[in-house]
Colleague: 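The structure follows.
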Amino acid sequence: MDYIFRAKYIERIKNFIDKPIVKIMTGMRRVGKSTILNIIKDDVLKDIPEENKIYMNFESFEFFEIKDAALLKNYLNENLKDKEGKVYFFFDEIQLVEDWENVINALRVSFDSDIYITGSNSKLISGDLATLLAGRYVEFEIQPFTFDEFSQIYKNLNLNLDELFQKFIKIGGMPGLKYFNLEEEVSQKYLNDIYNTVLVKDVLNYNNLRDVDIFNRILSFAMQNIGATFSASAIKNYLKSENRNISVDTVLNYLEYCSRAFVLKKVPRFDLGGKKLLKVDEKYYLTDHGFRQSMGFYNVKDIERTLENIVYIELLSRGFDVKIGKVKDREIDFVAKKGEEIFYFQVAYLMENEKTRDREFGVYDLIKDNYPKYVLSMDKLDFSQRGIIHKNIIDFLLESEK
């Protein structure tokens with residue numbers, strides 16, 4: 001299989017085809033944005049004449065020298081001569097072109113066009129673009145493979161679901177792993193290479209950072225503590241204990257740069273009683289938990305944190321807006337919202353004793369609404385009680401989207 005069709009993203013994008021809205025696919029490098037762009041171009045729009053499609057990958061050799069808006073405009077002018085009818089534009093990794101947003105806006109204004117863009121930095125849709133295209137673009141954030149997609153890729157290896165999930169816990173869901181047939185050593189080497197590419201291109205170079213050691217220490221701390229509540233001050237104090245002095249503002253900036261490059265996900269905490277966002281002690285998760293293992297943190301050893309990370313990215317891939325819930329002095333792992341629907345999720349490894357079950361189910365006693373409440377764990381037995389639904393995590397990850 002050359003690729004997974006990733007129907008959930010394709011179907012969402014289809015709703016905006018031929019609409020006067022720029023379609024922007026964002027996400028970390030190598031999560032499959034280019035593949036989705038090509039599926040739209042070649043499969044979904046297969047009935048459009050090829051001469052009415054213009055595709056440019058700014059990481060490719062062919063377009064390597066197009067680095068600014070003037071060069072891009074000149075190329076497009078030359079290739080738009082004598083075009084008749086609507087033209088479909090596909091721009092891959094467009095953030096590599098300086099002032100590209102002015103060209104996109106001019107295309108939208110001057111031509112009968114349908115425009116699709118990919119980019120690997122969330123700053124892509126801030127600043128000038130947000131001003132120029134206010135109300136005229138829609139973003140689709142692409143995530144790594146979910147476990148359902150992962151299991152499709154490797155179904156020819158004849159492993160059972162438990163064995164596949166153990167592999168998924170260790171190596172994660174980056175699409176390029178499909179070439180290595182779950183061989184852990186080469187998979188970890190591949191993940192390290194992607195990690196370093198993302199850091200160099202999308203974080204260090206993009207933000208002109210010089211102190212690479214400090215940056216790596218901050219990111220390493222966040223990786224080690226995924227799913228834990230910590231503050232920038234805690235990282236500052238941690239670095240001070242290693243004789244590295246740095247300001248809280250610098251810590252916050254470095255974490256923000258990682259979030260913009262889709263390496264980290266900052267998840268806000270939401271006070272369910274006061275119905276307001278809390279501005280301190282957010283949690284961080286990784287876009288792909290496999291990077292954590294490749295950097296020397298053992299996902300199996302930290303299984304509960306890893307499972308939380310997997311469920312969080314799964315919920316994002318299903319189109320939910322996700323926050324951490326705070327209710328009195330307790331926390332709900334995830335409050336997931338889509339439209340008017342709200343779902344609550346608690347994530348645990350195993351609930352073999354009554355104390356663990358009381359903790360995971362008991363927190364819901366503090367919530368008085370009737371929205372669905374879930375506890376997810378690796379247990380095979382169904383511990384559902386009092387209207388609270390318990391599900392095996394693998395079953396949850398493989399079920400149809402909500």
Side-chain angles (χ1 to χ4, degrees), residues 3-29 31-58 72 76 80 83-95 97 100-146 149 175 262 313 315-322 336-341 400-402:
Y3 58 78
I4 289 288
F5 190 73
R6 310 203 80 178
K8 60 188 170 189
Y9 295 115
I10 303 298
E11 292 304 316
R12 291 171 197 165
I13 296 168
K14 275 184 179 180
N15 292 327
F16 295 90
I17 287 176
D18 285 328
K19 304 293 192 300
I21 294 173
V22 178
K23 278 68 71 174
I24 303 177
M25 284 160 271
T26 59
M28 192 173 68
R29 286 182 186 270
V31 294
K33 301 185 299 294
S34 298
T35 298
I36 292 174
L37 191 68
N38 278 286
I39 290 172
I40 297 292
K41 177 174 69 75
D42 297 332
D43 295 352
V44 178
L45 296 174
K46 62 180 181 298
D47 295 330
I48 302 299
E50 288 303 309
E51 59 268 23
N52 283 59
K53 299 176 186 176
I54 292 179
Y55 171 81
M56 302 178 72
N57 182 345
F58 296 103
L72 177 55
L76 292 172
L80 284 168
K83 294 285 187 192
E84 295 182 0
K86 179 173 284 191
V87 180
Y88 294 77
F89 296 93
F90 305 88
F91 299 114
D92 206 354
E93 298 295 353
I94 200 168
Q95 80 278 353
V97 179
W100 61 269
E101 54 270 9
N102 294 304
V103 179
I104 297 303
N105 189 53
L107 285 176
R108 183 189 61 79
V109 170
S110 303
F111 294 92
D112 184 9
S113 61
D114 198 21
I115 303 171
Y116 302 80
I117 292 171
T118 77
S120 300
N121 196 295
S122 65
K123 201 173 178 181
L124 191 75
I125 53 174
S126 63
D128 291 341
L129 178 64
T131 301
L132 287 169
L133 296 180
R136 298 186 180 91
Y137 72 86
V138 60
E139 180 190 10
F140 305 91
E141 186 180 334
I142 311 302
Q143 307 297 340
F145 282 159
T146 62
E149 293 168 326
F262 301 98
I313 297 299
L315 292 171
L316 289 187
S317 77
R318 296 185 185 188
F320 284 101
D321 175 61
V322 184
K337 185 175 182 182
K338 186 192 295 183
E340 298 300 315
E341 296 181 301
S400 298
E401 291 190 18
K402 295 188 180 301

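Nothing here was measured: the structure is a model prediction, and the numbers come from that model. The first residue of the sequence shown is numbered 1, and numbering continues consecutively from there.
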Colleague: Please enumerate all residues that pass side chain to side chain donor-acceptor pair (under 3.5 Å) together with Ser113, with sequence neighbours excluded.
Modeller: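 Counting only residues at least two positions away or on another chain, Ser113 forms no side chain to side chain donor-acceptor pair (under 3.5 Å).
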Colleague: Looking at residues at least two apart in the chain, or sitting in another chain, which of them share a side chain to side chain donor-acceptor pair (under 3.5 Å) with Ser120?
Modeller: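 For Ser120 the side chain to side chain donor-acceptor pair (under 3.5 Å) partners, ignoring immediate neighbours, are Lys33, Glu93.
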Colleague: Report the residues that fulfil salt bridge (Lys or Arg N to Asp or Glu O under 4.0 Å) with Arg6, sequence neighbours left out, ordered by chain and then residue number.
Modeller: Glu149
Colleague: For residues 38-48, pull every pair meeting side chain to side chain donor-acceptor pair (under 3.5 Å), keeping only residues two or more places apart or in separate chains.
Modeller: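 Matches after skipping sequence neighbours: Tyr3-Asp43.
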Colleague: If I compare all heavy atoms of Val31 with all of Pro175, which pair ends up nearest, and what's the gap?
Modeller: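 Answer, listing the atom of Val31 first, then Pro175: O-CG, 3.4 Å.
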Colleague: Report the C-alpha distance between Val97 and Phe58 in whole Å, list the side-chain angles of each, state the deciding distance to 0.1 Å, and finish with yes or no for side chain to side chain contact (heavy atoms under 4.5 Å, CB included).
Modeller: CA-CA 8 Å; Val97 179; Phe58 296 103; 3.6 Å; yes
Colleague: Who are the ring pair (Phe, Tyr, Trp, His ring centres under 6.0 Å) partners of Phe145, not counting sequence neighbours?
Modeller: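 By the ring pair (Phe, Tyr, Trp, His ring centres under 6.0 Å) rule, Phe145 matches no residue at all.
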Colleague: About how many Å separate OH of Tyr55 and OG of Ser34, when rounded to the nearest 0.5 Å?
Modeller: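 If I round to the nearest 0.5 Å, the distance is 5.0 Å.
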Colleague: Got a donor-acceptor contact below 3.5 angstrom from the Asn52 side chain to the Glu84 backbone?
Modeller: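 Yes, Asn52 side chain to Glu84 backbone: donor-acceptor pair under 3.5 Å.
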Colleague: Do Val138 and Lys23 make a side-chain contact, defined as non-hydrogen atoms from C-beta onward lying under 4.5 Å apart?
Modeller: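 Yes, close enough: below the 4.5 Å cut-off.
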Colleague: Could you work out, with ring pair (Phe, Tyr, Trp, His ring centres under 6.0 Å) as the rule, every residue matching Phe140, not counting sequence neighbours?
Modeller: Phe16
Colleague: Rounded to the nearest 0.5 Å, what separates atom CD1 in Ile39 from atom CD1 in Ile10?
Modeller: 4.5 Å
Colleague: Hey, could you give me the CE/OG1 distance between Met25 and Thr35, rounded to the nearest 0.5 Å?
Modeller: 11.0 Å
Colleague: Would you sort out whether Leu80 and Ile54 count as a side chain to side chain contact (heavy atoms under 4.5 Å, CB included), showing the intermediate values?
Modeller: CA-CA 9 Å; Leu80 284 168; Ile54 292 179; 3.9 Å; yes
Colleague: Can you give me the closest heavy-atom contact between Ser317 and Lys8, atom names plus distance?
Modeller: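 Distance-wise, the nearest heavy atoms are OG-NZ, 3.1 Å.
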Colleague: Just to verify, what does Lys53 make a side chain to side chain donor-acceptor pair (under 3.5 Å) with, not counting sequence neighbours?
Modeller: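 In terms of side chain to side chain donor-acceptor pair (under 3.5 Å), with neighbours along the sequence ignored, Lys53 is linked to Glu50.
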Colleague: How would you list, by chain and number, every residue that makes a ring pair (Phe, Tyr, Trp, His ring centres under 6.0 Å) with Tyr9, sequence neighbours excluded?
Modeller: none
Colleague: With sequence neighbours left out, write down each residue that passes side chain to side chain donor-acceptor pair (under 3.5 Å) with Glu11, or none if nothing qualifies.
Modeller: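 In terms of side chain to side chain donor-acceptor pair (under 3.5 Å), with neighbours along the sequence ignored, Glu11 is linked to Lys14.
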Colleague: Could you pull out the closest heavy-atom pair between Ile115 and Ile104, with the gap in Å?
Modeller: CD1-O, 3.9 Å
Colleague: Can you list everything that forms a ring pair (Phe, Tyr, Trp, His ring centres under 6.0 Å) with Phe89? Sequence neighbours excluded, please.
Modeller: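 With sequence neighbours excluded, Phe89 shows a ring pair (Phe, Tyr, Trp, His ring centres under 6.0 Å) to Phe91, given in chain and number order.
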Colleague: Decide yes or no on side chain to side chain contact (heavy atoms under 4.5 Å, CB included) for Arg318 and Thr146, but give the supporting numbers first.
Modeller: CA-CA 10 Å; Arg318 296 185 185 188; Thr146 62; over 6 Å; no
Colleague: Nearest 0.5 Å, please: how far is CZ in Phe262 from CG in Asn121?
Modeller: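 That separation rounds to 7.0 Å.
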Colleague: Grab the two heavy atoms, one from Arg29 and one from Gln95, that are nearest each other, plus how far apart they are.
Modeller: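 That would be NH2-NE2, 3.8 Å.
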Colleague: Return the CG to CD1 distance between Leu45 and Ile17, rounded to the nearest 0.5 Å.
Modeller: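 Result: 5.0 Å between the selected atoms.
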Colleague: State which residues pass side-chain contact (heavy atoms from CB on, under 4.5 Å) with Lys86; sequence neighbours excluded, sorted by chain then number.
Modeller: Asp18, Tyr88, Asp112, Asp114
Colleague: Please report the interatomic distance CG(Leu37) to CG(Asp92), rounded to the nearest 0.5 Å.
Modeller: 5.5 Å
